[in-house]
Structures are given as structure tokens and as C-alpha cells.
Amino acid sequence: MQVKVFEAPDMATGLKKVKETFGPDALILSTRTIRRGKLGLMSKPILEITAAIDTAWKPKAPVVPKGNTMETDLRPAADDDLTYENLWKRNGQAGNTAPAAQPAENTGVQDELAEMRGIIQSLSRQVADLQPRQSETHQAYIEPELKGNGENDDQIFKFLRTCDINSAAAGRVARHAQESMGYNGKASPAELEALVKAALARMITTEKVLQRKTVRQQRISLIGPTGVGKTTTIAKLAANYLCRFSGKIGLVTIDTYRIAAVEQLKVYGEIMGLPVEVVLKPEELEQALRKFEDFDLILIDTAGRSPKNRQDLADMAKFLRPRFNIENHLMLSATTREREIRDIIDRFSILPIKTFIFSKVDECERLGVILNTHVHNNTPISFLTNGQRVPEDIISPNPKVVADYIMNDHRIRNNG
């Protein structure tokens with residue numbers, strides 16, 4: 001097997017490089033965003049793709065001119081294009097378009113390949129994460145010293161630590177405040193807080209999901225451990241979209257482990273007048289998607305899985321196959337310890353994760369874990385949930401709002 005690391009400014013360019021080097025049968029082992037330079041997180045991001053190929057690749061013959069025109073390949077994908085890499089690429093480029101039909105004899109083979117490659121991708125991420133974690137541990141001790149020699153430098157660092165921001169993340173924020181925002185070591189407490197908030201906002205990435213009417217069908221699943229509020233959040237998303245844009249929404253649940261979860265979603269569906277499909281087997285999900293093919297939005301509720309149980313996660317991956325073009329949003333409880341959150345993210349990465357949703361922010365006095373998680377994974381944040389009320393207690397934040405929560409300036413947004 002040949003293995004090579006590619007660097008590119010974006011996914012499309014990176015996948016093009018992989019295909020040019022290894023051909024259409026290349027296997028994507030892992031992807032991650034890295035930053036280089038003095039500014040740390042504020043430097044330009046670079047996408048790093050680790051790819052492999054089992055055998056030497058021979059390029060296809062060049063296009064043969066016909067008359068005065070060149071032949072354009074507008075034919076359906078051939079069998080050798082039905083790889084996990086190409087499915088992933090189509091998912092990224094085509095957005096929310098419905099997946100193209102595949103020959104029946106290819107479907108089972110491709111699903112098995114996608115599942116196996118997903119497992120390999122997850123293992124690769126775990127290996128790749130070892131070095132960043134070692135570096136972060138080292139930064140936790142040295143970054144406070146890199147900020148400067150004055151007492152005011154320690155004041156920034158200590159201020160961030162009171163918000164439960166870990167040493168590595170606090171060091172980066174403090175350094176950015178000094179190097180990129182003109183902090184000269186002299187500021188009143190109010191000025192210092194405003195400066196740190198601004199630095200945090202510039203380091204946080206959010207993504208707007210369901211904030212405009214979908215042009216093509218959008219399929220969204222909420223995944224995550226037990227007890228984080230996936231079913232309630234599904235109802236909030238459905239109710240908010242229905243109130244703002246109308247449209248046709250279908251609800252699907254594959255959470256058959258808890259009878260209460262199925263009944264809860266059915267009750268929400270009845271209240272909002274939305275159809276609910278209960279899926280017991282992976283093949284039934286395809287039938288449900290076909291039933292809702294003319295709907296604007298499909299929201300999929302999944303069973304809570306223990307990150308310690310790899311078999312449960314593998315079973316869930318059999319439902320959420322790449323060819324279904326489903327966006328997987330990982331729900332994390334803000335009340336969970338940081339080490340456990342990292343383990344959850346690591347294990348659930350068997351599936352491609354589009355964004356993080358942090359729940360139960362109303363139950364936390366300090367929310368530094370949000371920044372710590374974001375810095376470590378560089379995955380955008382799409383929603384924060386701050387209560388049980390449907391549909392009120394959900395926020396689609398911008399970076400400034402997330403910074404307010406992290407700085408403990410969020411009480412006015414909470415209930416009570």
C-alpha cells in the first residue's frame with residue numbers, strides 16, 4: 001500500500017490532487033485542518049489529507065477529439081467511480097442534492113466498503129490525534145511564559161482560566177490578544193474583558209444551519225451519546241423551520257432502543273402535523289427517504305450510543321451510509337467533562353461530522369469547555385440549546401454570542 005499526505009487550501013483541490021496522484025480508487029485515511037505561523041489559530045488554515053492506494057494506479061487514456069469538438073464526460077459514474085472518496089466528494093460539492101441511483105448489484109458492496117473505510121478513517125484520526133495532544137500538553141506549561149514578562153500578561157491568562165478555559169487555549173487567546181489586537185499590557189478590567197471577548201470571537205467558527213429556506217432537500221441527523229437531548233432538539237429544529245419557512249418536513253427515528261423516544265417524537269409530529277417514520281433496519285431508512293423524496297427537510301433522530309461500545313457505533317454507521325447524503329451533527333452536553341468529550345468525538349468520528357451542537361448550556365456556570373473543544377477539533381458550532389422548551393430554547397449563534405457564553409455573560413439568555 002502506498003500512503004501519502006497531501007496539503008491543499010480546500011477539500012475540492014485536495015481531492016483533485018489525490019485523484020491525480022493515486023487515481024479514482026484512492027482511499028482517504030484521514031483529513032484535518034492545520035495552521036502554521038506565528039498567529040496560531042489566526043493563521044491561514046491548510047487542509048491536510050492522508051490518502052492511500054492498494055495498487056499502482058494507471059491513468060486513463062486521454063480524451064479523443066471527435067471532429068472539431070472535445071468529448072465531454074456527462075455519463076453516469078462508472079463502477080470504478082463508486083468509491084468512498086468520490087461519494088464524499090459528491091456530498092461536499094453537490095450539497096443537499098438527492099443521491100443518484102446506483103445499480104442494485106453495486107449497492108451492498110459499496111456500503112460494506114464505506115463502512116470499512118469509515119472504521120479505518122476513525123482509527124487514523126485516533127493515531128493522528130496523539131501528536132496534537134502531546135503538543136497541547138506541552139503548550140499548557142510553556143505558553144503562559146511566551147506571552148511576555150509583565151504582570152498584566154499573567155492577568156490575561158488568569159482571567160481566561162477563571163472561565164474554565166484550559167491552559168493551552170488560554171495561552172493562544174492571550175497571545176492573539178497581544179500580537180494581533182494591539183494589547184500593550186495596560187487595560188482596565190472592563191477594557192480587558194472586552195478585549196478578550198473580541199479575541200475569542202475572532203477564534204471561533206460557527207455555521208448557520210436551517211437559517212434559510214432550503215433550495216434542495218436537506219437531510220440532517222443528530223448523533224451523540226445518551227441523554228444529550230437529541231429528540232427534543234429535533235423537535236426544536238422542526239418547529240423553528242416550520243414557523244419560519246413552512247415547507248414539508250419529514251421526521252425519521254432510528255432510536256428503537258428507547259420506546260419513550262419513539263413515542264416522544266410521534267407526539268411532537270402529531271402536534272406539528274408532521275409525518276414520522278420509525279426505522280428498524282438499515283434498508284428501511286432508504287425506504288423512508290424514498291417516501292419523503294419530495295420533502296424539503298428530513299430530520300433523523302438516532303439512538304444514544306455509548307462511545308465505549310464500538311459495535312453500537314458501527315451499527316449506527318450502517319444506517320447513516322455516505323450515499324444517503326445525510327449531514328451528521330454531533331450533540332455534546334456542556335456538562336460533560338472535557339476528557340470525556342474528546343473521547344466521544346474520537347469514537348463518533350466513524351461518521352463524518354459536519355458541526356457540533358452543545359446542549360444544556362443553561363446548566364453550566366462556566367462554559368470554557370466549548371472553546372477547549374473547538375480549539376482542539378476546529379469543527380464549527382451550529383447550535384446551542386439552553387432549556388427544554390420547544391421551540392424556544394435553541395440558539396443559532398454567531399461567534400460573538402458563543403464568546404459571550406464562554407465569558408459567562410449569558411445569564412440574560414437563560415431561563416430564570
Side-chain angles (χ1 to χ4, degrees), residues 3 11 15 26-33 47-52 82-92 99 107-130 132-133 219-228 230 252-257 279 281-283 285-286 289 300-333 336 339-357 373 376-380 382:
V3 180
M11 179 62 76
L15 291 176
L27 173 64
I28 305 299
L29 297 179
S30 67
T31 63
R32 64 171 181 166
T33 302
L47 183 67
E48 183 181 276
I49 302 175
T50 304
L82 296 175
T83 62
Y84 187 82
E85 178 253 63
N86 284 324
L87 288 169
W88 187 4
K89 183 176 180 182
R90 291 174 202 166
N91 190 23
T107 302
V109 175
Q110 296 306 320
D111 289 339
E112 290 180 8
L113 286 174
E115 180 184 346
M116 291 173 62
R117 288 169 178 169
I119 294 171
I120 293 173
Q121 186 179 9
S122 176
L123 293 173
S124 300
R125 285 197 185 98
Q126 294 176 40
V127 174
D129 279 349
L130 292 177
R133 288 180 186 177
R219 301 171 177 179
I220 290 177
S221 74
L222 299 192
I223 61 176
T226 57
V228 294
K230 294 186 294 297
V252 177
T253 178
I254 59 177
D255 186 359
T256 56
Y257 285 82
V279 171
K281 300 177 181 179
E283 54 268 24
L285 179 58
E286 185 169 11
L289 296 175
I300 302 171
D301 189 20
T302 66
R305 305 288 186 173
S306 168
K308 303 295 184 184
N309 193 325
R310 293 182 182 273
Q311 184 57 51
D312 278 354
L313 295 176
D315 290 343
M316 182 178 65
K318 292 178 182 178
F319 283 87
L320 305 174
R321 299 170 183 175
R323 65 188 178 88
F324 290 153
N325 284 342
I326 298 171
E327 296 178 3
N328 304 306
H329 298 257
L330 178 60
M331 285 201 67
L332 302 166
S333 171
T336 308
R339 180 177 295 180
E340 293 172 352
I341 284 183
R342 290 193 182 185
D343 188 50
I344 290 168
I345 294 170
D346 206 34
R347 302 298 177 89
F348 275 88
S349 291
I350 190 174
L351 291 166
I353 297 172
K354 187 171 182 63
T355 72
F356 291 154
I357 300 175
T373 303
H376 188 262
N377 296 275
N378 202 30
T379 299
S382 56

> Are any side-chain N or O atoms of R219 and backbone N or O atoms of F324, one a donor and one an acceptor, separated by less than 3.5 Å?
Replying inline: yes
> Checking side chain to side chain contact (heavy atoms under 4.5 Å, CB included) for the pair R339/D343: CA distance, chi angles, key distance, verdict?
Replying inline: CA-CA 6 Å; R339 180 177 295 180; D343 188 50; over 6 Å; no
> Backbone N or O of P380 within a donor-acceptor pair of the K354 side chain at under 3.5 Å?
Replying inline: no
>> Evaluate I345 against L332 for side chain to side chain contact (heavy atoms under 4.5 Å, CB included), listing each step before the verdict.
In response: CA-CA 9 Å; I345 294 170; L332 302 166; 4.1 Å; yes
> Who pairs with T373 by side chain to side chain donor-acceptor pair (under 3.5 Å), at least two apart in sequence or on another chain?
Replying inline: none
>> Measuring from atom CD1 of I353 to atom CG of L330, what distance do you get when rounded to the nearest 0.5 angstrom?
In response: 4.5 Å
> Excluding sequence neighbours, so at least two apart, what forms side chain to side chain donor-acceptor pair (under 3.5 Å) with S221?
Replying inline: N328
>> Nearest 0.5 Å, please: how far is CD1 in I300 from CD in E327?
In response: 10.5 Å
> Any sub-3.5 Å donor-acceptor pair from T302's side-chain atoms to L222's backbone N or O?
Replying inline: yes
> Nearest 0.5 Å, what's the CD-NZ distance between E286 and K281?
Replying inline: 14.5 Å
> With no hydrogens and no angle check, is any side-chain donor or acceptor of R347 less than 3.5 Å from a backbone partner on I344?
Replying inline: no
> Between CG of L285 and CG of L320, what distance do you get to the nearest 0.5 Å?
Replying inline: 7.0 Å
>> Contact between F319 and I326 at the side-chain level, heavy atoms closer than 4.5 Å - yes or no?
In response: no
> How many angstroms lie between NZ in K230 and NE2 in H329, if you round to the nearest 0.5 Å?
Replying inline: 14.5 Å
